[in-house]
S.K.: 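Here it is, the structure, as structure tokens.
Only heavy atoms go into these numbers, but all of them, side chains included; no hydrogens, no water, no symmetry mates.
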Amino acid sequence: MKNAELNQRRQDATPRGVGVMCGFYAERAENATLWDVEGKEVIDFASGIAVLNTGHRHPKVIAAIEKQLQAFTHTAYQIVPYESYVSLAERINQRAPIAGPCKTAFFTTGAEAVENAVKIARAYTGRPGLITFGGGFHGRTYMTMALTGKVAPYKLGFGPFPGSVFHGQYPNALYGVTTEDAMNSLDRLFKADIDPKQVAAIVLEPVQGEGGFNVAPAEFMQALRALCDQHGILLIADEVQTGFARTGKLFAMEHYSVKPDLITMAKSLAGGMPLSAVAGRAEVMDAPAPGGLGGTYAGNPLAVAAAHAVLDVIDEEQLCQRAQRLGQHLVEVLQQAGKTSPAIADVRAQGSMVAVEFNDPATGKPSAEITRQVQQKAMEEGLLLLSCGVNGNVIRFLYPLTIPDDQFTKAMGILSRALAH
């Protein structure tokens, strides 16, 4: 079987709206390595978009799924419940950075988690309004498209979107947007668009994913918490991409002195199995009436079994500490490259959530073209990299945190050559 043949079949059989980045097709994978149908080996620095913090096919995850397969694969938790769902909720409740008693509900996708967080916030506050931020990404469903602060490609041709959603500015040091600027943008919303007493929640990513791995400053998070407390607004941390050791903590909100009211999570929660969750203050989580939350596949038992294994692996293999160490090494490589490459405008990192941003040295403007060239050069040597950013000029690094040291070193060599090129 050849990649070119499969590519033609894909174009004939599937719609163009499902954009596909790579021209090669996966046949098998192990930890941080992919092999395509023609036998080519690729170092995976994408991890299925931050899903595989514990790597492809971690033995403990496989064993947990296989064990559950022998018991049962589906009952619908809302019809016939099972202990593993309850015990996973207990484990997350103990670890989530939420003030006071915490409760957790499980769903299937990241967008579904965000949708349900919105439902919970509106049920608890009795208010309709939502505030989120430019550059944020929260999903592809209608509610989450409205929340998302990036038009292309996510919103093109799909409007109108649900109302009562407003976008503030997210701090960005490279472009001169300070915490004060961001808070002033919210003040303008309160003056021009919506009474703060009509706002149910402020939703943000502690580190913006699609937006370019922009890290929320500590003073911004503190100011948001104070603003929410002042007006009775809930603070929702979207940790779909940042969760489960990626930033050097189990949750990125652990880097801050303040706590959110609700946290959404998915991606690396279940090591490649579809599972998401909303965790939050017990009184807030209990606002919807029985039957108001759920879904046919929500909290699927195979995915729940995988999630238990993921939490074990994160602790046993000290992946939070490993994320810090690998991220620090990568930042040093990028900073070294920045000394000779005028195209590197910024390097940002929190643990192993690392990004490098490229501007055209001649114009100083964001350069998606340079970003593509670096990706292409790395891919020629077998290193898969993802781009992001509102202007498409950022490369983000999402390697499995379980990647062997020698393979990581090899990847750093490929990256250094791509950046020098």
Side-chain angles (χ1 to χ4, degrees), residues 1 25-37 39 41-96 104-110 112-113 240-241 243-246 250 265-279 294-320 322-323 384 398-404 407:
M1 202 181 305
Y25 287 73
E27 184 168 72
R28 61 190 178 94
E30 187 80 31
N31 200 355
T33 309
L34 284 165
W35 289 269
D36 77 0
V37 294
E41 186 176 307
V42 176
I43 301 173
D44 185 3
F45 266 41
S47 292
I49 320 180
V51 167
L52 301 164
N53 289 355
T54 52
H56 291 275
R57 300 179 60 252
H58 193 288
K60 288 214 163 195
V61 175
I62 291 174
I65 296 168
E66 286 178 342
K67 183 179 178 183
Q68 183 59 48
L69 270 171
Q70 299 304 321
F72 59 93
T73 62
H74 179 77
T75 64
Y77 176 78
Q78 297 124 249
I79 305 303
V80 181
Y82 29 94
E83 186 276 341
S84 58
Y85 181 116
V86 177
S87 57
L88 183 60
E90 289 169 339
R91 293 182 75 177
I92 289 174
N93 295 342
Q94 288 171 353
R95 302 284 293 271
T104 297
F106 295 106
F107 305 98
T108 308
T109 69
E112 204 180 348
V240 167
Q241 191 162 166
F244 301 97
R246 174 56 54 183
L250 192 65
M265 60 196 81
K267 290 194 182 284
S268 273
L269 167 58
M273 296 294 282
L275 186 69
S276 65
V278 182
T296 301
Y297 299 107
N300 170 271
L302 297 172
V304 165
H308 276 288
V310 164
L311 290 176
D312 291 342
V313 170
I314 287 172
D315 289 342
E316 291 166 9
E317 300 186 19
Q318 299 186 318
L319 294 189
C320 289
R322 189 164 170 74
L384 176 60
L398 291 168
Y399 42 83
L401 302 176
T402 51
I403 184 171
Q407 190 177 28

S.K.: Under the rule for side-chain contact (heavy atoms from CB on, under 4.5 Å), what residues qualify as partners of Ala64, not counting sequence neighbours?
M.R.: Ala305, Ala309
S.K.: Considering non-hydrogen atoms only, spot the tightest contact between Val240 and Gly110 and give its length.
M.R.: CG2-CA, 4.0 Å
S.K.: Using side-chain heavy atoms (C-beta onward) and a distance below 4.5 Å, is Arg322 in contact with Ile403?
M.R.: yes
S.K.: Please round to the nearest 0.5 Å and tell me the distance separating atom CE of Met265 and atom CZ of Phe107.
M.R.: 11.0 Å
S.K.: Please step through side chain to side chain contact (heavy atoms under 4.5 Å, CB included) for the pair Leu269 and Val310, ending with a clear verdict.
M.R.: CA-CA 7 Å; Leu269 167 58; Val310 164; over 6 Å; no
S.K.: Partners of Glu317 by side-chain hydrogen bond (donor to acceptor under 3.5 Å, both in side chains), sequence neighbours excluded?
M.R.: His58
S.K.: Work out which heavy atom in Tyr85 is nearest to a heavy atom in Val304; give both atom names and the distance.
M.R.: N-CG1, 3.8 Å
S.K.: Cut-off 3.5 Å, no hydrogens considered: what does the side-chain donor-acceptor table look like for residues 44-54, sequence neighbours left out?
M.R.:
unit_1 : atom_1 : unit_2 : atom_2 : d
Asp44  : OD1    : Ala46  : N      : 2.8
Asp44  : OD1    : Ser47  : N      : 3.0
Asp44  : OD2    : His56  : NE2    : 2.7
Ser47  : OG     : Leu398 : O      : 2.4
Asn53  : OD1    : Arg246 : NE     : 3.3
Asn53  : OD1    : Arg246 : NH2    : 2.8
Asn53  : OD1    : Ser268 : OG     : 3.1
Asn53  : ND2    : Gly243 : O      : 3.4
Asn53  : ND2    : Phe244 : O      : 2.8
Asn53  : ND2    : Ser268 : OG     : 3.3

S.K.: Would you name the heavy atoms of Pro400 and Gly55 that are closest together and state the gap between them?
M.R.: CB-CA, 3.7 Å
S.K.: With sequence neighbours excluded, tell me which residues meet side-chain contact (heavy atoms from CB on, under 4.5 Å) with Tyr25.
M.R.: Asn3, Leu6, Asn7, Arg10, Val37
S.K.: Would you please name every residue forming a side-chain contact (heavy atoms from CB on, under 4.5 Å) with Glu41, sequence neighbours left out?
M.R.: Thr33, Trp35
S.K.: Which salt bridge (charged side-chain N to carboxylate O under 4.0 Å, His left out) pairs, counting each pair once, include a residue from residues 59-84, with sequence neighbours left out?
M.R.: Lys60-Glu316
S.K.: Please set out all donor-acceptor pairs under 3.5 angstrom arising from side-chain atoms of residues 75-82, sequence neighbours excluded.
M.R.:
unit_1 : atom_1 : unit_2 : atom_2 : d
Thr75  : OG1    : Val80  : O      : 2.6
Gln78  : OE1    : Gly295 : N      : 3.1
Tyr82  : OH     : Gly299 : O      : 2.5

S.K.: Restricting to side-chain contact (heavy atoms from CB on, under 4.5 Å), what partner residues turn up for Arg91, sequence neighbours left out?
M.R.: His308, Leu311, Asp312
S.K.: Could you tell me the separation between the CD1 atom of Ile314 and the OG1 atom of Thr402, rounded to the nearest 0.5 Å?
M.R.: 10.5 Å
S.K.: Any non-hydrogen side-chain atom of Val313 less than 4.5 Å from a side-chain atom of Leu319?
M.R.: yes
S.K.: Of all residues at least two apart in sequence or in a different chain, which pass the salt bridge (charged side-chain N to carboxylate O under 4.0 Å, His left out) check with Arg57?
M.R.: Glu30
S.K.: With sequence neighbours left out, write down each residue that passes side-chain hydrogen bond (donor to acceptor under 3.5 Å, both in side chains) with Ser276, or none if nothing qualifies.
M.R.: none
S.K.: If you look at every heavy atom in Leu302 and Met273, which pair is closest and at what distance?
M.R.: CB-CE, 3.6 Å
S.K.: Take Asn300 and Thr108 through the side chain to side chain contact (heavy atoms under 4.5 Å, CB included) test and state the conclusion after the steps.
M.R.: CA-CA 8 Å; Asn300 170 271; Thr108 308; over 6 Å; no
S.K.: Are Asp315 and Arg95 packed together at the side-chain level, in the sense that at least one heavy-atom pair is separated by less than 4.5 angstrom?
M.R.: yes
S.K.: Which residues pass the side-chain hydrogen bond (donor to acceptor under 3.5 Å, both in side chains) test with Ser84, not counting sequence neighbours?
M.R.: none
S.K.: Distance check, rounded to the nearest 0.5 Å: Leu34 atom CG versus Glu27 atom CD?
M.R.: 11.5 Å
S.K.: Calculate, to the nearest 0.5 Å, the distance between atoms CG and OG1 belonging to Leu69 and Thr73 respectively.
M.R.: 7.5 Å
